Chemist: 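This is the structure I have questions about; it appears just below.
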Amino acid sequence: MVASIHPSLFDRMVKLRRDLHRHPELSREEHRTTDRLVSELERLGLECQRPLDTGLVAEIPGASDAPTVAIRADIDALPIHEETGLPYASDVPGVMHACGHDAHAAMLVGAAELLMSRPEPPPAPIRLIFQPAEELGIGARSMIEAGVLDGVGAIFGGHVDRHYPTGTVVAVSGPVNASTDGFRISISGQQGHAARPHETVDAVVAGSLIVMAVQTIVSREIDPTHPSVVSIGRFEAGTASNVIAGTAVLSGTIRAQEPAVRAHLHRSISRICESVGQLHEADIQLEIEEGTPPLVNQGPMVEVARRAASEALGPERVRTMVRGANMGGEDFSWYLQEVPGCYVRLGARLADSAGYPAHSSRFQIDEAVLPAGAAWLAEVAVQGGRELATGMVDDLEAAGRAS
Ligand SMILES: [Zn+2]
Ligand SMILES: [Zn+2]
């Protein structure tokens, strides 16, 4: 076993994870999941609060009144029909834990058990956040609006990752996940007879020009060492082959790892829409729906995350990223907009399923990630608290010297 965790705790985590796996629930519908987690935490003597309809928060008191350290797991599943053939595969047709959030929830319960069994209270209070609706990119924000970051000085979390060996923790400064914005372009031209194009404003031609022009934003305007994506996934127009379309709607997604690149992509799409509108005398409206911000680890809490991994799992298990940051989104980024912290990858490579990525109907993880993840979460909560408590002492001493 990777982390030195009592076999009975490992068994409990596996049992819990498999139960959640068998009964997956979609974002904002995690009622059974929440009830199950509450009963697990109450068994440990923890009091739970439910700031939203689903999801929960529980608090472990600390030895000082330093700011709270939050550790977070997401708990929702995806609208995917499971095809793993596992004995504990989903009982719910069309719904599957295909991103590993079942494992995240089980690890956080495991971390709670480790923290509660410590002989002394942790240096600072610890808040366990079991967050709903990560897959919609809205859960973190809703939890923040409900006050879960009140009094929090640092936050940590992690995601299982099949690209890294089980038991390793990848904690790095810099971008980890991309921003995920959506956009919709509505083109309004002039419909007419396909044989009399000069009497029309062709929305298909204007739309096609937009599709081609946006390809040059990433390839010709953005520094190639700063990954970004603009994709148009949908182009709707026209009613008949002999009618020139008067309207068209295009929609797509924008991804970037840095706030400045994200802003550049927004500006360029807008500029292209405006120019094509002028060129074709079409009315073109652009709506950008802002999603999660880029997830960027920075500051001293990254070092705290690495130190905790080294303490909990051994220095050889602390890794840096061998692949670039993930262009997928992760709504943990909302927390990092508010408080310092670090989001890590938790290696969970299963030799024979390496070909199936997250969000696939055959996605699987190595369950030996559970003790490793739990050990890291518990340790980072303690180390983070120590950092915050020491910071407070430093602040007091500085204030004392000043007076
Ligand atoms: Zn996911
Ligand atoms: Zn996920």
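Counting starts at 1 for both ligands and their atoms, following the listed order. The model shown is predicted, which means the values in this text are computed figures rather than measured ones.
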Chemist: Check the Zn ion (ligand 2) and write out every protein N, O or S atom at under 2.8 Å, as residue and atom.
Modeler: Cys99 SG, His101 NE2, His159 NE2
Chemist: Any sub-3.5 Å donor-acceptor pair from Asn242's side-chain atoms to Ala194's backbone N or O?
Modeler: no
Chemist: Hey, does the side chain of Ser268 reach the backbone of Leu265 with a donor-acceptor pair shorter than 3.5 angstrom?
Modeler: no
Chemist: In Å, rounded to the nearest 0.5 Å, how long is the span from OG1 of Thr247 to CD of Gln191?
Modeler: 7.5 Å
Chemist: Is Thr292 reaching over with its side chain to a backbone N or O of Ser179, donor-acceptor style, under 3.5 angstrom?
Modeler: no
Chemist: So, of the N/O/S atoms that His359 has, which is the nearest one to the Zn ion (ligand 1)?
Modeler: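 The closest N, O or S atom of His359 to the Zn ion (ligand 1) is NE2.
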Chemist: Could you tell me whether a side-chain N or O of Arg349 sits under 3.5 Å from a main-chain N or O of His163, the two making a donor and an acceptor?
Modeler: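 Judged by distance alone, yes, a pair lies under 3.5 Å.
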Chemist: Are the side chain of Glu30 and the backbone N or O of Ala133 linked by a donor-acceptor pair below 3.5 Å?
Modeler: yes
